[in-house]
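Below: one structure, written as structure tokens.
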Amino acid sequence: MLRLTVALVALSAGTAMAGTLEEVKERGKLICGVYPGLPGFAFLSEDGTWMGSEVAFCRALAATVLKDPTAVEFVPTPSKTRFTALASGEVDVLARNTTWTFSRDVDLKFEFAGVNYYDGQGFLVPKELGVTSAKELDGATVCIQTGTTTELNLADFFRANGISYEPVPVETNAESQQQYLAGACDVYTTDKAGLAATRSAFADPQNHLILPETISKEPLGPLVRHGDNQWGDVVRWTLNALIIAEELGITQDNVTTLAASATNNPEINRVLGTEGTYGEMLGLDQDWAVAAISAGGNYGEIFARFLGEDTLIGLDRGLNALYRDGGILYAPPFR
């Protein structure tokens, strides 16, 4: 009986090892679920290239595993079908803006690898509507994407404030934008970063106002399937590596130089693989984080390139600043 038990444990361990990480390596390509089209996060450029912060994370993950940031297939995953795509194995990881909630983590049996954007739900209105607060929206028609956390948040907010609304259900951000601009709804609600991204694509963004209220907590992050712990660790620590690289001053430009020999900073050495066996623990090469950071830079560089104040979206770091800079962005130590 003991031998049988040991054999079963060994078989189970072998099965676990032959999970998504090995599948990605054998396939030679990462399949990444992203938003169907949201400026700054995931969108197609004029030449048909996927761009955005979510896309940059997928490229970093591909570099982590395959040493090739271009070895990615991007699969657009609308809100209604994103979880099916992940659960069925259609995608290896869901990198699109998805809120970490209890039921998604536990009941749907997914595992969130961390938070790559701290957000909250807000409201976008035409300035000509003449309102300056969401509490003035009594009787408004509101465009809202189905299959998202925003539906319940919206209902809770209006109920708590004793005001009414008429929902206008939509399935995608593109449809939301179309309906809102056509006047089918007075208000569009989703995460505030999504509102800023949507507004940036308008012909007259200055004529639309994001109201001051933030009515929910929306911690967004990549997720994987339950039970594939090794793959979950790879995704989680790729994200952590990008965050801690910003903290340590490791950039796309200097990462190769810093990795060439051990530095005076032990944590930089551990991140870049010149000290310790962290790559081996993940089932990767020692320089896995070097590859990830080389793909598109650290978290701050990615944010600035696609979402920051110098882009059309124009977001400040806010909660997404490093903890030492007044935000809450924080990665566990490499130790």
CA sep, side-chain torsions, deciding dist, call: Val235, Leu239, side-chain contact (heavy atoms from CB on, under 4.5 Å): CA-CA 6 Å; Val235 176; Leu239 174 58; over 6 Å; no
If you count heavy atoms of other groups shown closer than 6.0 angstrom to CD of Glu128, is the number above 12? no
Close side-chain approach of Leu223 to Phe83, heavy-atom, < 4.5 Å: yes
Say whether Thr263 and Asn265, considering side chains only, have a donor N or O and an acceptor N or O under 3.5 Å apart. no
Under the side-chain contact (heavy atoms from CB on, under 4.5 Å) criterion, do Tyr188 and Leu195 qualify, and how do the steps go? CA-CA 8 Å; Tyr188 177 41; Leu195 294 178; 3.6 Å; yes
Any side-chain heavy-atom pair from Asn320 and Tyr117 closer than 4.5 angstrom? yes
Do Gln179 side-chain atoms and Val170 backbone N/O form a donor-acceptor pair below 3.5 Å? no
Where is the tightest heavy-atom contact between Leu315 and Ala196, given as atom of each residue plus distance? CD2-CB, 3.7 Å
Polar side-chain atom of Arg82 near backbone of Ser79 as donor-acceptor pair, under 3.5 Å: yes
Do Leu129 and Phe158 sit in one hydrophobic cluster, given that two such residues count as connected whenever their side-chain heavy atoms are within less than 4.5 Å of each other, even indirectly? yes
Are Val168 and Leu154 in one and the same hydrophobic cluster, where Ile, Leu, Val, Met, Phe, Trp and Tyr link if side-chain heavy atoms are under 4.5 Å apart? no
Between Cys32 and Val91, does the side-chain contact (heavy atoms from CB on, under 4.5 Å) criterion hold? Intermediate values first, please. CA-CA 6 Å; Cys32 205; Val91 299; over 6 Å; no
State yes or no: are the ring centers of Phe123 and Phe157 separated by less than 6.0 Å? yes
Should the heavy atoms of other residues, nucleotides or ligands under 6.0 Å from NZ of Lys109 be counted, would the total exceed 12? no
What's the spacing between Glu54 CD and Phe43 CZ if we round to 0.5 Å? 11.0 Å
Centroid separation Tyr35 to Phe41 less than 6.0 Å: no
Within the 4.5 Å heavy-atom criterion, are Leu242 and Ile293 side-chain neighbours or not? yes
Considering residues, nucleotides and ligands other than Asp204, do more than 12 of their heavy atoms fall under 6.0 Å from its CG? yes
Between atom NE2 of His226 and atom CG of Asp228, what is the distance when rounded to the nearest 0.5 Å? 11.5 Å
Partner of Glu218 under side chain to side chain donor-acceptor pair (under 3.5 Å), picked from Thr190, Thr148, Thr99, is Thr99
Is atom NZ of Lys217 surrounded by more than 12 heavy atoms (other residues, nucleotides or ligands) closer than 6.0 Å? no
Any chance CZ of Arg27 has more than 12 other-residue heavy atoms, nucleotides or ligands included, within less than 6.0 Å? yes
Heavy-atom donor-acceptor pair, Asp191 side chain to Gly120 backbone, under 3.5 Å: no
Using only atom types and a distance under 3.5 Å, with no angle test, would you say the side chain of Thr274 pairs donor to acceptor with the backbone of Ala259? no
Sub-3.5 Å donor-acceptor pair from the side chain of Glu301 to the main-chain atoms of Asn298, do we have one? yes
Shortest non-hydrogen separation from Ala62 to Leu30 and the atoms involved: N-CD2, 3.9 Å
Is it true that Lys135 and Glu213 make a salt bridge, defined as a side-chain N closer than 4.0 Å to a carboxylate O? no
How far apart are the closest heavy atoms of Asp285 and Lys67, and which atoms are they? OD2-NZ, 3.0 Å
Indicate yes or no for a side-chain donor-acceptor contact from Thr98 to the backbone of Arg96 under 3.5 Å, with no hydrogens or angles considered. yes
Answer yes or no: is there a donor N or O on one side and an acceptor on the other, between the side chain of Asp92 and the main chain of Trp231, under 3.5 Å? no
Backbone N/O of Ile163 and side chain of Asn161: donor-acceptor pair under 3.5 Å: no
Going by atom types alone, do His208 and Tyr180 pair a side-chain donor with an acceptor below 3.5 Å? yes
Nearest heavy-atom approach of Tyr278 to Arg335 is OH-C, 3.2 Å
Ring-face cation of Arg317 near Phe303 (centre distance under 6.0 Å, axis angle within 45°): yes
Measure the OG1-NZ distance between Thr172 and Lys80 for me, rounded to the nearest 0.5 Å. 11.0 Å
May I have the step-by-step check of side-chain contact (heavy atoms from CB on, under 4.5 Å) for Arg270 and Glu267, ending in yes or no? CA-CA 5 Å; Arg270 290 190 288 267; Glu267 189 151 31; 3.8 Å; yes
In this structure, which one of Arg236, Arg225, Arg104 forms a salt bridge (Lys or Arg N to Asp or Glu O under 4.0 Å) with Glu111? Arg236
Could you check whether atom CD of Glu136 has more than 12 heavy atoms from other residues, nucleotides or ligands sitting under 6.0 Å from it? yes
Is the number of heavy atoms from other residues, nucleotides or ligands under 6.0 Å of Leu312 CG greater than 12? no
side-chain hydrogen bond (donor to acceptor under 3.5 Å, both in side chains), that's the test. Do Glu90 and Ser88 meet it? Break it down for me. CA-CA 6 Å; Glu90 180 184 347; Ser88 67; 4.5 Å; no
Donor-acceptor pair between Gln145 and Thr150 side chains, under 3.5 angstrom: no
Has Asn264 got more than 12 heavy atoms of other residues, nucleotides or ligands less than 6.0 Å from its CG? no
For Asp119, does its backbone N or O pair with a side-chain atom of Lys192 as donor and acceptor, under 3.5 Å? no
Test side-chain hydrogen bond (donor to acceptor under 3.5 Å, both in side chains) on Thr251 and Asp253 and set out the steps. CA-CA 5 Å; Thr251 68; Asp253 287 340; 5.2 Å; no
